[in-house]
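One-based numbering along the sequence shown. One-based numbering, in listed order, for ligands and for the atoms of each.
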Amino acid sequence: MAARSIPTVRLPSGAPMPVYGLGTWRMGESGRTRANEVQALRHGIARGVTLIDTAEMYGDGEAETIVADAVGGDRDQIFIVSKVLPNNASRRGTAAACERSLKRLKTDRIDLYLLHWRGSHPLADTVAAFEDLRAAGKILHWGVSNFDHDDMQELARAPHGKHCQTNQVLYNLTRRGIEFDLLPWCRTHKMPVMAYSPIEQGRMLGHKALADVARRHEATPAQVALAWLLRQGVIVIPKATALTHVDENLGALDLTLTEADVAALDRAFPPPTSPQPLDML
Ligand SMILES: NC(=O)c1ccc[n+]([C@@H]2O[C@H](COP(=O)([O-])OP(=O)(O)OC[C@H]3O[C@@H](n4cnc5c(N)ncnc54)[C@H](OP(=O)(O)O)[C@@H]3O)[C@@H](O)[C@H]2O)c1
């Protein structure tokens, strides 16, 4: 399979960001699987993937070292997302955590640095730290993760809060709550949403409705689930260590769902009709 060109969306800053990337949660947790995890990321990069999502939390920092090994000399072609843990997200703690991530990632900048979820440090302190890091060129953009609708409104009111570039949240056909208020809010503010656990860690793939749509397109349930999210205009970051999964998931970029497919999926996985608290994994 040759390298493909992956479409991009515009961040509020105007910079492009790929709509498809590779996740890394559960990578770096065991030395025995490390080589395979590096290989899976390299395999994706060889096929044209230019976005990798990681976090200081994953494998206690080891996932970031796996990303460094996989990216190697391709650094300038790859958009790296990493995240600071809420416990570290004080003004000084964020700066220190970023330095540690840069060292593990063997790079001089992180393309997009996120607050992993809200903790006890004041948002204003985390944002101030992000702004300092951006001014120093150590991060190019910053954003948040697991922020609900009211969190986003509060952030937008904080000093420099409008510089937030994304919100990374749990979103897939079985978790559609954000469509009621959070997703419309982000769309209004032209802020792309990153959908994590886009195939619900595999748990949704046995659903009959996905199989029915997949059969019509000679596709697979995972490809249908990912193609549906891409159609919603969000960024997907499926994680796969099996090379066959890496290839299969990329096939979602070639799948165009019809109105009939979308209607069938809406019947099987109804959209929300009232506000729902944001789900988290
Ligand atoms: N911000 C946050 O709080 C947060 C939370 C969760 C996740 N994330 C990010 O989002 C990424 C993706 O989410 P996730 O890892 O939770 O779940 P996911 O991407 O929905 O699913 C990953 C799981 O599905 C399997 N899989 C992948 N492709 C498959 C396919 N085509 N057919 C069958 N199984 C398949 C993988 O197996 P193999 O590995 O064996 O291939 C892995 O076990 C994470 O890795 C992480 O980077 C962020």
Within a 6.0 Å radius of atom CZ on Arg92, are there more than 12 heavy atoms belonging to other residues, nucleotides or ligands?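 Not buried by this count: 12 neighbours or fewer within 6.0 Å.
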Per-atom contacts of ligand 1 with [X], taking only distances under 4.0 Å to non-hydrogen atoms:
{"X": "Trp25", "answer": "6 (C), 7 (C), 16 (O), 44 (C), 45 (O), 46 (C), 47 (O)"}
{"X": "Asp53", "answer": "9 (C), 46 (C), 47 (O)"}
{"X": "Ile237", "answer": "9 (C), 10 (O), 11 (C), 12 (C)"}
{"X": "Gln168", "answer": "1 (N), 2 (C), 4 (C), 8 (N), 9 (C), 48 (C)"}
{"X": "Lys83", "answer": "1 (N)"}
{"X": "His116", "answer": "1 (N), 2 (C), 3 (O)"}
{"X": "Pro238", "answer": "19 (O)"}

Residue selection (non-hydrogen contact nearest [atom]) among [options]:
{"atom": "atom 14 (P) of ligand 1", "options": "Pro221, Ser197, Gly251", "value": "Ser197"}
{"atom": "atom 33 (C) of ligand 1", "options": "Leu205, Asn36, Leu114, Asn172", "value": "Leu205"}
{"atom": "atom 23 (C) of ligand 1", "options": "Arg203, Gln201, Met204", "value": "Gln201"}

Do [X] and [Y] sit within salt-bridge range, that is, some charged N less than 4.0 Å from a carboxylate O?
{"X": "Asp60", "Y": "Arg104", "result": "no"}
{"X": "Asp53", "Y": "Lys83", "result": "yes"}
{"X": "Arg34", "Y": "Glu62", "result": "yes"}
{"X": "Lys138", "Y": "Asp132", "result": "no"}
{"X": "Arg109", "Y": "Asp76", "result": "yes"}
{"X": "Asp266", "Y": "Arg176", "result": "yes"}
{"X": "Glu259", "Y": "Arg231", "result": "yes"}

Which part of Trp117 is near ligand 1, with near meaning a heavy atom under 4.0 Å away: side chain, backbone, both or neither?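 Contact part for Trp117 vs ligand 1: neither.
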Using a 4.0 Å heavy-atom threshold (strictly under), name the region of Pro198 that reaches ligand 1: side chain, backbone, both or neither. both
Among protein heavy atoms, which sits nearest to [atom], and what does the distance come to when rounded to 0.1 Å?
{"atom": "atom 34 (N) of ligand 1", "value": "His245 CE1, 3.4 Å"}
{"atom": "atom 36 (C) of ligand 1", "value": "Lys239 O, 3.5 Å"}
{"atom": "atom 2 (C) of ligand 1", "value": "Tyr196 CE2, 3.3 Å"}
{"atom": "atom 3 (O) of ligand 1", "value": "Asn146 ND2, 2.9 Å"}
{"atom": "atom 38 (P) of ligand 1", "value": "Thr241 OG1, 3.3 Å"}
{"atom": "atom 31 (N) of ligand 1", "value": "Asn249 OD1, 2.8 Å"}

Any N/O of [X] closer than 3.5 Å to an N/O of ligand 1?
{"X": "Ala222", "value": "no"}
{"X": "Ala240", "value": "no"}
{"X": "Thr54", "value": "no"}

Trace of the ring pair (Phe, Tyr, Trp, His ring centres under 6.0 Å) decision for Phe269 with His207: CA-CA 10 Å; Phe269 307 98; His207 201 289; 4.4 Å; yes
Please report the closest heavy-atom contact between [X] and [Y], naming both atoms and the distance.
{"X": "Arg118", "Y": "Pro86", "value": "C-CB, 4.2 Å"}
{"X": "Val19", "Y": "Val9", "value": "CG1-CG1, 3.6 Å"}
{"X": "Leu41", "Y": "Gly23", "value": "CD2-O, 4.4 Å"}
{"X": "Pro198", "Y": "Ala225", "value": "O-CB, 4.3 Å"}

